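Single-structure report; data block below.
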Amino acid sequence: MRKSNPVRSGLLLLILGGAVGYGIGLGIDLLISHSLNFSGSVSAAFALLLAVASFFFGVYGYRGITRGLVWQLVGMFLGAFFVTGMRVLMGKEEIFGTFFFSEPAWVLGALTGVVSFLFGVGALDDWMKWVRGIDTPEHHEDMPGWEKYFYVSLDHKVIGIQYTVTSLFLIAVGGTFAMIFRTELAASQLQFLTVTFRLFNQTGPQLYNTLMSLHGILMIISILLGVSGIINYVVPMLLGARDMAFPRMNAFAYWVAVPASVLMLMSLVLGGFDTGWTGYPPLSARAPVGMQMFFLGVFTAGWSSILGSLNVIATVLRMRAKGMVAMRMPIFVWAAVATSIIALTATQLIGLSFQLVMFQRLFGMGFFDATKGGNPVLFQHLFWFYSHPAVYVFVLPGLGVISELLPVFVRKPLFGYRWIAMSSLGIALVGFTVWAHHMFTSGMNEYLRVPFMYSTLLVAVPTGVKFFSWVATLWGGKIETPTPMLFVLGAIIVFLLGGLTGPPNAAIALDLHLHDTYFIVGHFHDTIFGGFVFPFFAAIYYWFPKATGRRMSEYWGKMHFWLMTPSFLVLTFGMMRIGLLGMRRRIVDYDPALGLDSTHLVLTIAAYLIGLSVFIFFVNFFRSMKYGEKAEGNVWNSRSPEWQVPSPMPAHNYEVPFEVVGEPYDYGLPGSKYIEFISANGKKHHHDEETVIHGA
Amino acid sequence: MRHFVIVGILVIVMSVLTYAGLYAADLMPVAASIQAGYIDWMWNLELIAMSFLFALIVAPMFYSLVVFRRRKGDTTDGQHMEGNTTLEILWTVVPLFFVVFFAYFGAVNLSDTLRKDPAAMVVKVTGIQWSWSFEYPPIDGIAVVSDELHIPVGHQVLLQMTSKDVIHSFWVPEFRVKQDLVPGRITELRISPSLEGNYKVRCAELCGTSHYNMEKPVVISSQAEFDAWMAERRKEAEALQATPEGSGQLLVSANGCAACHSINGAAGIAPTWLGLVGHEVELTNGTVVVADDAYLAESIREPQAKIVAGFETQLMPTYGFTEDQISDIVAYIKTLK
């Protein structure tokens with residue numbers, strides 16, 4: 001059954017598994033609460049877990065990701081029952097909780113579940129062998145075809161694609177949540193997320209808070225995964241390396257993100273959480289169990305960021321091709337390094353801040369509880385110390401993609417390469433000094449806010465260097481606009497809007513009006529779409545032929561762009577407008593007297609159009625893998641090393657190593673070369689370029 | 001050279017048009033405080049900067065997309081222009097200057113909004129899930145507590161704020177300034193009301209289920225109207241304080257019970273109080289009890305003891321009321337038939 005049509009068996013088993021899980025959950029709930037809760041959490045949780053595991057079982061069988069998920073389930077129950085047993089032995093009054101297990105049981109269960117997943121999927125196999133004194137081969141042969149993507153692979157290209165597809169999945173889920181609450185927000189007064197509506201043990205407004213919070217964190221995690229996807233796929237190729245410095249750690253860093261995502265999604269059915277992704281106590285200290293799933297999910301996903309960044313820095317420092325001095329690296333590598341410096345050093349702070357709230361909940365340690373001598377504002381400092389630099393993790397790679405792709409489609413050198421390279425590092429550095437601009441209304445010291453205004457405005461300087469350089473790169477070029485270039489141009493414009501709406505937020509007194517309104521929501525959607533989403537799409541359209549040997553459809557790519565961009569601009573302009581007029585953030589309903597109904601309707605329509613454009617992209621993406629126009633050469637006529645070898649990229653990238661003999665972006669300089677392949681007898685020869693003129 | 005002149009003109013025209021458009025769009029609500037005046041001045045400065053910078057990038061971009069487009073049949077590359085150090089230094093130093101300029105004016109702007117009036121009227125603000133409570137300066141030992149904020153025009157008010165549970169935030173868009181309410185601390189906000197009218201304060205920091213609904217009226221009136229309102233409230237408070245039901249009503253108002261329990265029968269987060277006393281209620285464990293005085297008192301003391309079926313997703317907090325306060329509140333609830 002699996003071989004003939006895995007997707008069909010997967011879907012069939014998804015429905016079956018879901019139904020069985022639902023029944024089991026209903027039964028357990030009946031035993032505990034003595035009532036049939038058809039829309040309750042326990043049945044939903046079991047249904048979800050069994051459905052997902054069954055789906056992968058149908059598609060893939062009991063190995064790889066399926067085994068990981070099954071072990072996560074088993075591990076979770078073992079851990080939770082362990083704690084439950086302890087509670088019995090300790091003579092606790094309440095052995096169980098609202099969602100069957102008590103909160104401590106769920107927390108330990110979630111943790112043991114993650115560890116079990118990693119064992120089950122096989123991400124720890126080689127290391128476990130070493131512990132037992134057994135040697136493992138340096139390189140593992142991957143399964144042929146699509147099956148390798150559901151298994152542990154040490155190949156950075158496979159891992160890059162795994163990251164990218166997981167990112168796209170989370171974007172789809174997070175985007176769907178947004179469309180649900182945008183539908184409610186289209187008109188004032190509650191239409192369906194009402195106080196009497198009930199799902200997963202939450203009323204309408206409670207469910208809104210959960211969906212909104214999950215929209216935020218799922219999108220953020222999808223960005224981190226997408227960034228890792230591009231970086232892992234592309235950086236070794238750009239450097240001339242055969243893989244990353246630490247392939248096993250690379251695989252681990254990817255696979256740890258899967259159980260992390262499962263935990264975050266589980267929060268939906270464990271009472272949800274009502275704090276937004278920012279999780280401020282005291283509210284987060286009193287939120288339902290779903291809050292802990294969120295905290296642990298993010299904590300776990302943080303390991304992916306930290307370990308992935310370590311790998312990138314080591315790779316760039318030690319595995320560059322001969323002749324590739326720092327100032328002759330492709331510019332994207334600079335962006336990847338700057339990003340990794342941030343992710344490596346700052347991520348710990350969000351883990352810490354969440355851990356402290358978890359301890360406050362579990363052990364009564366009053367870090368943020370004023371009655372115990374704690375201070376709620378401390379959380380905000382710890383949280384934002386990561387979460388601001390995090391946004392530069394989100395956008396620096398995308399800005400690197402823009403810098404990397406512009407020269408190819410303009411046939412001109414990247415203007416001011418060194419300055420652009422340094423600006424990435426500059427943004428990373430200054431980005432560490434601005435965090436309290438998220439806290440201007442928090443009750444922090446009045447005048448301590450002023451230095452943060454200075455540092456926040458200062459980030460505009462290296463960012464401006466990038467913008468001016470991009471304009472100067474376009475100037476005097478020979479511009480063509482296939483789909484990747486359209487997304488690059490869109491990225492520049494959208495990120496510009498995001499960047500321009502930054503300084504008003506930096507001005508403290510003005511921020512008092514703007515903070516916690518849709519003006520901020522518009523600002524960060526602009527910066528995120530401009531700095532990540534648009535470049536992410538550009539990168540996928542651009543490197544798709546390198547990965548698959550086929551092109552995505554130009555027609556549908558352009559359709560995606562022209563549907564998404566105007567809708568998105570309408571969305572963010574609309575958001576900023578209503579924010580200025582009094583529309584607060586994170587609310588499921590708004591006062592009709594504000595007169596914002598018609599704008600909200602427009603925003604909802606825009607959101608749906610964006611959703612449609614992304615759907616078009618998904619269809620294009622998956623169909624083109626099988627049916628896309630063949631594109632096995634240098635499709636974009638790029639000077640970059642990866643395009644000088646055939647597509648799809650060979651298993652170990654460069655069978656013949658290359659040496660860097662010139663500047664990366666010397667388009668327009670006759671006779672100039674960037675790389676030369678070193679043949680076996682030491683003689684260098686230049687690989688014949690296929691002068692494929694890509695269509696307009 | 002010709003290109004630069006055309007683009008230069010385009011940038012200027014686009015800046016002016018963009019700024020004019022943004023200005024005409026009337027993007028801010030009416031300004032009802034002196035602080036709003038300062039903040040709107042800063043906003044206007046930012047509009048100018050945003051318009052200019054937008055034009056500065058977008059005009060050359062679009063110009064390039066048209067003029068420097070690859071013509072059909074042209075397979076040559078673009079100009080080999082690697083960089084220009086002078087330009088780089090220029091577009092690093094000039095923005096740096098503007099950073100200092102804007103930060104300086106931002107700091108001055110901030111201190112303008114923080115200007116203290118020593119004769120400011122102090123109002124103690126308490127935020128509680130999901131209601132506002134305002135305590136006015138006591139006169140003759142009576143401090144009016146209301147869920148409405150009234151302030152006389154032209155008279156600065158100093159809000160001293162705290163929260164009873166989670167972080168909330170005080171914001172009236174027409175006043176512009178915003179300040180969080182933090183449990184365990186007192187935060188301050190100064191407002192100098194300048195335009196009479198009816199406004200609303202809405203919580204601006206996510207505080208749980210009914211954050212979206214956490215709003216109360218704010219009224220700027222003339223000094224005379226304010227004095228009259230206060231006198232009425234004082235008389236009302238005196239009368240209410242005399243009876244148990246009245247005291248109960250004051251407690252209910254000060255603690256935001258109505259955010260969850262309606263008094264008019266409307267469905268809400270918690271059971272309505274209208275006609276509750278003496279009624280039969282079904283609990284989550286299936287048993288049916290009568291909502292008598294003892295039941296109500298227990299539910300205030302220990303909210304999780306007996307939860308009505310259908311309301312278990314939103315748990316009521318404890319308030320630490322004394323026994324006398326509890327019996328006053330029960331007395332008040334009994335009046336709602």
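In the text below, chain A, chain B and the rest are named by the order of the sequence lines, each starting its count at 1. Everything numeric in this text was worked out from a predicted model, so none of it was measured.
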Side chain proximity check, [X] to [Y], heavy atoms < 4.5 angstrom:
X         : Y         : value
Asn209(A) : His211(B) : no
Pro205(A) : Tyr212(B) : yes
Leu110(B) : Glu446(A) : no
Arg585(A) : Leu206(B) : no
Leu457(A) : Val100(B) : no
Asp74(B)  : Arg411(A) : no
Tyr447(A) : Leu114(B) : yes

State, without any angle test, whether Thr313(B) and Gln206(A) hold a side-chain donor-acceptor pair at a distance under 3.5 Å.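 Yes.
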Side-chain H-bond candidate by donor/acceptor type, Ser442(A) with Asp180(B), under 3.5 Å: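 Note: Ser442(A) and Asp180(B) side chains miss the donor-acceptor criterion.
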At a heavy-atom distance under 4.5 Å, which candidate from [options] has the highest pair count against chain B?
options                                    : answer
Ala287(A), Ala507(A), Ser469(A)            : Ser469(A)
Ala285(A), Ala370(A), Pro282(A)            : Pro282(A)
Leu414(A), Thr456(A), Thr275(A), Val450(A) : Thr275(A)
Gln202(A), Arg286(A), Arg449(A)            : Arg286(A)

Heavy atoms of other groups near [X] [atom1], more than 12 under 6.0 Å:
X         : atom1 : result
Glu94(A)  : CD    : no
Arg418(A) : CZ    : no
Tyr23(B)  : OH    : no

If I compare all heavy atoms of [X] with all of [Y], which pair ends up nearest, and what's the gap?
X         : Y         : value
Leu510(A) : Ile39(B)  : CD1-CG2, 3.6 Å
Trp171(B) : Leu512(A) : NE1-O, 4.1 Å
Asp274(A) : Gly208(B) : OD2-CA, 3.6 Å
Ile167(B) : Pro281(A) : CD1-O, 3.6 Å
Arg577(A) : Asp26(B)  : NH1-O, 4.3 Å
Asp511(A) : Lys178(B) : O-NZ, 4.5 Å

Under 4.5 Å, counting heavy-atom pairs only, tell me which of [options] racks up the most with chain A.
options                                  : answer
Met81(B), Glu174(B), Met42(B)            : Met81(B)
Lys72(B), Arg71(B), Glu205(B)            : Glu205(B)
Thr187(B), Val94(B), Thr209(B)           : Thr209(B)
Ser169(B), Ala25(B), Pro183(B), Ala49(B) : Pro183(B)
Phe102(B), Phe170(B), Phe4(B), Phe105(B) : Phe4(B)
Glu88(B), Gln35(B), Gln79(B), Met61(B)   : Glu88(B)

Hey, can you tell me if Tyr63(B) and Trp475(A) have their rings parallel, tilted or perpendicular (30° and 60° cut-offs)?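 Plane angle under 30°, so parallel.
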Let me know if Tyr280(A) has heavy atoms under 4.5 Å from chain B in its side chain, its backbone, both or neither.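 Just its side chain gets close to chain B.
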What part of Thr278(A) lies closer than 4.5 angstrom to a heavy atom of chain B: side chain, backbone, both or neither?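 Neither; nothing under 4.5 Å.
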